[in-house]
Number of protein chains: 2
Amino acid sequence: MKTLKISEAVVRRLPVYLRHLMELKQREVLTVSSQDLGQKLDLNPAQIRKDLAYFGDFGRKGIGYDVSYLIQQIRHILKLDQIIHVGLVGAGKLGHALCNYTAYMKDNMRIVAVFDAQESKVGTEINNLRVQPMSELADTVREQKIRIGIITVPASEAQHVAEQFVEAGVEAILNFAPVILRVPAHVRVHTADFTTDMFSLAYYLSDDRKEAPVE
Amino acid sequence: MKTLKISEAVVRRLPVYLRHLMELKQREVLTVSSQDLGQKLDLNPAQIRKDLAYFGDFGRKGIGYDVSYLIQQIRHILKLDQIIHVGLVGAGKLGHALCNYTAYMKDNMRIVAVFDAQESKVGTEINNLRVQPMSELADTVREQKIRIGIITVPASEAQHVAEQFVEAGVEAILNFAPVILRVPAHVRVHTADFTTDMFSLAYYLSDDRKEAPVE
DNA sequence: TAGATTGTTAATCGATTAACAATC
DNA sequence: TAGATTGTTAATCGATTAACAATC
């Protein structure tokens, strides 16, 4: 395996490849070409080959990629050949939804603890997990070997929660609050912000204003 | 206003600028420089100036940008100087969460209808909205002037729902299901996929496997 | 005036795509 | 063998950043 700095764009495509490969496997497709993949995923075949070639020679000239083998390799690259433990803070509707969303994630990641600052939430059950108070976060992260933290609290509390996660030793954070978190460089943060998505979508609407303009 | 093809990267940053500007406004800050903004948002000041300059001369040399004026301009660019009507299909936990997530979106967008294919869901109330059957989607989209559709159904149903949205005349779709949707070129789709985010985060974890490796 | 900061051009950097020898 | 398809190099394209004249 080569050691080179892999761009974020490449890393973000790997889960997309993986997902489609799993589907192919389920349909008992044994082999797939970069051509096929590109067609399905709306990507340039050369890009797919190049992405994969960063990590090794996974294909066979004239043949393509062995589906099962490639799945195994991508899971290894993404460190998903183990079960990653995840903690979540914010037992609101969104937190609830994500806990249940284990559908096809469950072989690779598992939400093993849920926390909330609100006393009324503590002790309730979500998906067989007892909602814990924030005071238990640090110990639980260590005991349960939680490596990724999910933040589904209001924007005003997100930074504080992030700091507690970092303090407890979490290595990466997925943040759903619409704020930019400040964390040390060794902690990776991705922000999954619904409002940013919605607002940028609006840009692409046609120009005729259908409602009474405010301006 | 110049007419030039604006890259998606630029469009995705505009809502981030807007959000921070709103916060500045609330704190009664009158003026902001690209320097200040860059610091807060982790972006290069030149990039911010360039992004804004695509759309007009909004700043003043030696001074910076007037916060209120820039807010107004960005809202106009993003077509958020009107209230955009939104429809949602999939009244599960995630759909529920998004309906409630109107917090700071409510001046710009409004979810005005919720649909679900499951009979057991139809007729229940979410945030004062009656969940409607899919058979009412087309008419409601037209009557309510719904321009953006949100999809929060299982992956297997997402494509079918997208087609119904497109058929009904929706201009853009925000898709939460982990699939790549096929829609005509005039419809814009953004995919907000939780699993892709989580899986790509795992790549950045440290290399020591903390659980018993599967491999 | 002096200091600050924009808008914009030019330079740099990085990512995508094309092309093709190697080879199954 | 002929056709298909990889891995990789070179070409292209696009996005980010630096630099600076204009000017508040």
Side-chain angles (χ1 to χ4, degrees), chain A residues 1-17 20-21 24 29-74 77 180 200 203, chain B residues 1-17 20-21 24 29-74 77 180 200 203:
Chain A
M1 193 182 288
K2 293 157 204 169
T3 311
L4 208 96
K5 227 201 68 234
I6 306 297
S7 87
E8 189 175 331
V10 174
V11 174
R12 287 198 156 274
R13 281 190 293 268
L14 294 179
V16 179
Y17 301 154
H20 186 63
L21 288 163
L24 290 177
V29 177
L30 297 179
T31 274
V32 69
S33 69
S34 59
Q35 180 91 220
D36 296 344
L37 276 173
Q39 203 129 61
K40 271 292 182 193
L41 304 178
D42 258 337
L43 296 170
N44 184 300
Q47 181 170 66
I48 295 174
R49 294 201 298 279
K50 201 162 201 269
D51 283 354
L52 296 173
Y54 282 121
F55 302 98
D57 289 3
F58 301 145
R60 288 216 295 161
K61 291 177 177 151
I63 310 287
Y65 299 89
D66 181 278
V67 171
S68 291
Y69 179 68
L70 192 51
I71 287 176
Q72 195 189 311
Q73 291 300 321
I74 295 181
I77 295 162
I180 287 156
S200 64
Y203 176 81
Chain B
M1 190 182 291
K2 294 158 202 167
T3 311
L4 209 97
K5 225 199 70 235
I6 305 296
S7 87
E8 188 174 330
V10 174
V11 174
R12 286 198 157 273
R13 281 190 294 268
L14 295 178
V16 180
Y17 300 154
H20 186 60
L21 289 164
L24 291 177
V29 178
L30 297 180
T31 274
V32 69
S33 69
S34 59
Q35 180 90 219
D36 296 344
L37 276 173
Q39 202 129 60
K40 271 290 181 194
L41 304 178
D42 259 338
L43 295 171
N44 184 300
Q47 181 170 66
I48 296 174
R49 294 201 297 280
K50 201 163 204 268
D51 284 355
L52 297 174
Y54 282 122
F55 302 99
D57 290 4
F58 300 145
R60 287 216 295 161
K61 289 175 179 159
I63 309 286
Y65 299 89
D66 180 278
V67 171
S68 290
Y69 179 68
L70 192 52
I71 286 175
Q72 195 189 311
Q73 291 300 320
I74 295 180
I77 295 162
I180 288 157
S200 63
Y203 176 80

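Below, read A as the first sequence line, B as the second, and so on, with proteins coming before strands; counting in each chain starts at 1.
Between B:Leu70 atom CG and B:Gln72 atom CD the span is 10.0 Å, to the nearest 0.5 Å. Considering CG of B:Leu52 and OH of B:Tyr17, their distance stands at 6.0 Å, rounded to 0.5 Å. In this structure, CD1 in B:Ile74 is found 9.5 Å from OH in B:Tyr65, a value given to the nearest 0.5 Å. Considering CD1 of A:Ile6 and CG of A:Asp51, their distance stands at 9.0 Å, rounded to 0.5 Å. Put simply, CD on A:Gln73 and CD1 on A:Ile77 are 6.5 Å apart, with the number rounded to the nearest 0.5 Å. Taking OG from B:Ser200 and CD from A:Glu8, the interatomic distance works out to 7.0 Å, rounded to the nearest 0.5 Å.
Heavy-atom distances under 4.0 Å link DNA chain D to A:Arg60, A:Lys61, A:Gly62, A:Ile63, A:Gly64, A:Tyr65 of residues 60-67 of chain A, given in residue order.
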Only distances under 3.5 Å count here; give the side-chain donor-acceptor pairs of residues 30-43 of chain A to other protein atoms, sequence neighbours excluded, each with its distance to 0.1 Å.
residue	atom	partner	partner atom	Å
A:Ser33	OG	A:Gln35	N	3.4
A:Ser33	OG	A:Asp36	N	3.1
A:Ser33	OG	A:Asp36	OD1	3.3
A:Ser33	OG	A:Asp36	OD2	3.4
A:Ser34	OG	A:Arg49	NH1	3.0
A:Asp36	OD2	A:Ser33	N	3.4

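Residue A:Arg12 places its CZ atom among more than 12 non-hydrogen atoms of other residues, nucleotides or ligands, all under 6.0 Å distant.
B:Tyr69 has its OH atom 15 Å from the P atom of C:dT6, to the nearest Å. When the C1' atom of C:dT6 is taken as reference, atom CG of B:Leu52 falls 11 Å away, rounded to whole Å. Taking atom CG of residue B:Leu37 and atom P of nucleotide C:dG7, one finds them 12 Å apart after rounding to whole Å. Here the P atom of nucleotide C:dT8 and the CZ atom of B:Phe58 are 11 Å apart, to the nearest Å. A:Ile48 places its CD1 atom 13 Å from the C1' atom of D:dT5, with the value rounded to the nearest Å.
Side-chain contact check for A:Val10 versus A:Ser7: some heavy-atom pair is nearer than 4.5 Å.
A close approach under 4.0 Å does occur between a side-chain nitrogen or oxygen of B:Ser34 and OP1 or OP2 of C:dT6. The side chain of A:Arg49 places no N or O atom within less than 4.0 Å of a non-bridging phosphate oxygen (OP1 or OP2) of D:dG7.
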Within the 4.0 Å limit for protein heavy atoms, which parts of nucleotides 9-17 of chain D are touched? Write it as a string from 5' to 3', B for base, S for sugar-phosphate only, - for none.
B-----SBB

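Figure legend. D:dT9 is base-paired to C:dA18; pairs are counted as Watson-Crick or G-U wobble with both atom distances under 3.5 Å. Look at C:dT23: its Watson-Crick or wobble partner, with both distances under 3.5 angstrom, is D:dA4.
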